[in-house]
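Values below: every heavy atom of this structure, side chains too, minus hydrogens, waters and symmetry copies.
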Amino acid sequence: MDRYLVFGHPVRHSKSPFIHTLFARQTQQELEYGLAEPAVDEFAQALRTFFDQGGKGCNVTVPFKEQAFTLVDRLSPRAKRAGAVNTIKLTDDGVLLGDNTDGAGLVADLKSHGVTLADSRILLLGAGGAARGALAPLLAELPSELVIANRTHTKAQQLAAEFHDLGPVIAQTYEQLAGPFDLVINSTSASLQGELPPLAPALIHTDIAIYDMMYGASDTAFISWAKQHGARQTMDGLGMLVEQAAEAFTVWRGIRPGTKQVLRELKRNLGVI
């Protein structure tokens, strides 16, 4: 039976085995999917061992995405742009192909919620790996402007300069931000600590769409804050998790699973519904 894994540290909380088991059942694919939590300095060896022992593909999560980028034989265009790999496939000719499905997953989830990206003004909070992975797919949707804001402004500037060839992307400090924005995406991990980006409440209005890449059994701190200030459409990253997984499954198996029922099952599993 074909074997797949998710590598991370920590990774015991991962919902990837749950998601991919449902995808396999839905598409009648024979595979097994497990967890691997090597020490941070043992990832390269663990990855090699997995594929030497017949592994067909894997997902890669924190903190190994940048390391995976350097370990594969070939990179997809979107992995090159993201500077990180979250999906690896062993091709039929024995090549380890590194891909990045995070940004595609984000865009697919936004569209599933009816969010219009074309000609919209988007604010992206954060300038780390999650933001980097999202930029090219977001800019491919032709927004009127994409603004990056980050606590360390120089990182936002570097990111904007790097992706400027793909569309109208600029960097601003939090103090410089001026509305209206159609969509705000929080790519920072602040919600994991119950913290908030230093965003002015005045930027929130009733017609804005709010997206937090983090998720939990209840609203994240950022989503709760946005609701308090009048945002009516708020989304967390659970749908992105399922959509990026569907994209990875498609890379591996050549068949695209449906996501709606799997997302419902995942929410039930987490106690969200």
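Checked by atom type, the side-chain pair Tyr4/Asn59 shows no donor-acceptor distance below 3.5 Å. Thr101 and Asn86 share a donor-acceptor pair across their side chains, judged by distance under 3.5 Å alone. Side-chain atoms of Tyr174 and Asn150 form no donor-acceptor pair, as typed in the model, at a separation below 3.5 Å.
In the hydrophobic clustering of ILVMFWY residues, with side-chain heavy atoms under 4.5 Å counting as a link, Phe181 and Val115 come out apart. Follow the hydrophobic side-chain contacts under 4.5 Å out from Leu199 and you never reach Ile185; the two are in separate clusters. Both Phe18 and Leu270 are members of a single hydrophobic cluster when ILVMFWY side chains are connected at heavy-atom separations under 4.5 Å. Hydrophobic clustering (side-chain heavy atoms under 4.5 Å, transitive across Ile, Leu, Val, Met, Phe, Trp, Tyr) groups Leu106 together with Leu159. The hydrophobic clustering, which links ILVMFWY residues whose side-chain heavy atoms are closer than 4.5 Å, places Leu97 and Leu90 apart.
Using modelled atom types, no side-chain atom of Trp225 and backbone atom of Pro197 make a donor-acceptor pair closer than 3.5 Å. In this structure, the side chain of Gln244 engages the main chain of Leu241 through a donor-acceptor pair within 3.5 Å. Side-chain atoms of Lys65 never come within 3.5 Å of backbone atoms of Val60 as a donor-acceptor pair (strictly under, hydrogens ignored). The backbone N or O of Val95 sits nowhere less than 3.5 Å from a side-chain atom of Asp73 that would complete a donor-acceptor pair. Within the 3.5 Å criterion, the main-chain N or O of Ser224 finds no donor-acceptor partner in the side chain of His229. Judged by distance alone, with hydrogens and angles left aside, the side-chain atoms of Glu195 form no donor-acceptor pair with the main-chain N or O of Ser189 at under 3.5 Å. Without hydrogens or angle criteria, Asp182 side chain to Arg121 main chain gives a donor-acceptor distance under 3.5 Å. Between the side chain of Ser14 and the backbone N or O of Ser16, at least one donor-acceptor pair lies under 3.5 Å. Although no hydrogens or angles enter the test, the distance criterion places a donor-acceptor pair under 3.5 Å between the side chain of His205 and the main chain of Asp207. Without hydrogens or angle criteria, Ser144 side chain to Ser120 main chain gives a donor-acceptor distance under 3.5 Å.
Under a 4.0 Å N-O distance rule, the pair Asp99/Arg78 qualifies as a salt bridge. Ion pairing between a basic and an acidic side chain is recognised when a charged N comes within 4.0 Å of a carboxylate O; Glu162 and Arg132 show such pairing.
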Practice task
Could you give me the CA-CA distance, side-chain angles and deciding distance for Leu96 and Lys89, then say whether side chain to side chain contact (heavy atoms under 4.5 Å, CB included) is met?
Solution key: CA-CA 6 Å; Leu96 286 186; Lys89 175 184 179 179; over 6 Å; no
Practice task
Go through the steps for Thr220 and Asp212 under the test side chain to side chain donor-acceptor pair (under 3.5 Å), then give the verdict.
Solution key: CA-CA 8 Å; Thr220 67; Asp212 194 340; 2.8 Å; yes
Handout entry: Residues Arg74, Thr91; criterion side chain to side chain contact (heavy atoms under 4.5 Å, CB included); working and verdict
Key = CA-CA 10 Å; Arg74 198 165 73 225; Thr91 67; 4.3 Å; yes
Practice task
Tell me, with the steps shown, if Ile170 and Glu145 meet side chain to side chain contact (heavy atoms under 4.5 Å, CB included).
Solution key: CA-CA 8 Å; Ile170 64 170; Glu145 184 176 56; 3.3 Å; yes
Exercise for the section: Take Leu183 and Ile208 through the test side chain to side chain contact (heavy atoms under 4.5 Å, CB included) and record every step on the way to the result. Expected result: CA-CA 6 Å; Leu183 169 65; Ile208 202 168; 6.0 Å; no
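Residues His9 and Thr61 have side chains not in contact (no heavy-atom distance under 4.5 Å, counting atoms from C-beta outward). Side-chain contact between Ser187 and Leu124 is present, with at least one heavy-atom pair separated by less than 4.5 Å. A 4.5 Å side-chain heavy-atom check between Glu37 and Arg12 finds at least one atom pair inside the cut-off. Using a 4.5 Å cut-off on side-chain heavy atoms (C-beta onward), Leu203 and Leu177 make contact. Between Gln26 and Gln261 the shortest side-chain heavy-atom distance does not fall below 4.5 Å. Using a 4.5 Å cut-off on side-chain heavy atoms (C-beta onward), Ile255 and Gln29 make contact. Arg3 places none of its side-chain heavy atoms less than 4.5 Å from the side chain of Phe51. Annotation: side chain of Gln67 is not in contact with side chain of Leu47 (no heavy-atom distance under 4.5 Å).
The two residues Val184 and Phe222 have their closest heavy-atom pair at CG1-CZ, 4.0 Å. When every heavy atom of Leu35 is checked against every heavy atom of Leu5, the shortest pair comes out as N-CD2, 3.7 Å. In this structure, Leu135 and Leu146 approach most closely via the heavy-atom pair CD2-CD2, 3.7 Å. Between Pro38 and Gly8, the shortest heavy-atom contact is CD-O, 4.2 Å. Taking all atoms of both residues into account, the shortest heavy-atom contact from Gln176 to Ala171 is OE1-O, 4.5 Å. When all heavy atoms of Pro143 and Pro168 are compared, the pair lying nearest together is O-CG, 3.6 Å.
Atom CD1 of Ile148 is separated from atom NE2 of His153 by 10.0 Å, given to the nearest 0.5 angstrom. Note that CE of Met240 and CE of Met214 are 8.0 Å apart. Values are rounded to the nearest 0.5 Å. With rounding to the nearest 0.5 Å, the separation of CG in Asn269 from CG in Leu263 is 11.5 Å. For the atom pair OG1 of Thr188 and CD of Gln193, the computed distance is 8.5 Å after rounding to the nearest 0.5 Å. Taken to the nearest 0.5 Å, the OH atom of Tyr211 stands 3.5 Å off from the CG atom of Asp109. In this structure, the separation between CG on Leu125 and CE on Met213 is 10.0 Å, given to the nearest 0.5 Å.
In this structure, the salt bridge (Lys or Arg N to Asp or Glu O under 4.0 Å) partners of Asp219, at least two apart in sequence or on a different chain, are Lys227. For Arg48, there are no salt bridge (Lys or Arg N to Asp or Glu O under 4.0 Å) partners two or more places apart in sequence or in a different chain.
Counting heavy-atom neighbours within 6.0 Å of Asp92 CG, excluding the residue itself, gives a total of 12 or less. More than 12 heavy atoms of other residues, nucleotides or ligands lie within 6.0 Å of NZ in Lys15, so this atom counts as buried by the packing criterion. Other residues, nucleotides and ligands contribute at most 12 non-hydrogen atoms within 6.0 Å of the CD atom of Glu30.
Taking the six-membered ring wherever Trp is involved, the centroid distance between the rings of Phe249 and Phe23 falls below 6.0 Å.
Using the six-membered ring where Trp is involved, Phe43 and Phe7 have ring planes that are perpendicular, over 60° apart on the 30 and 60° scheme.
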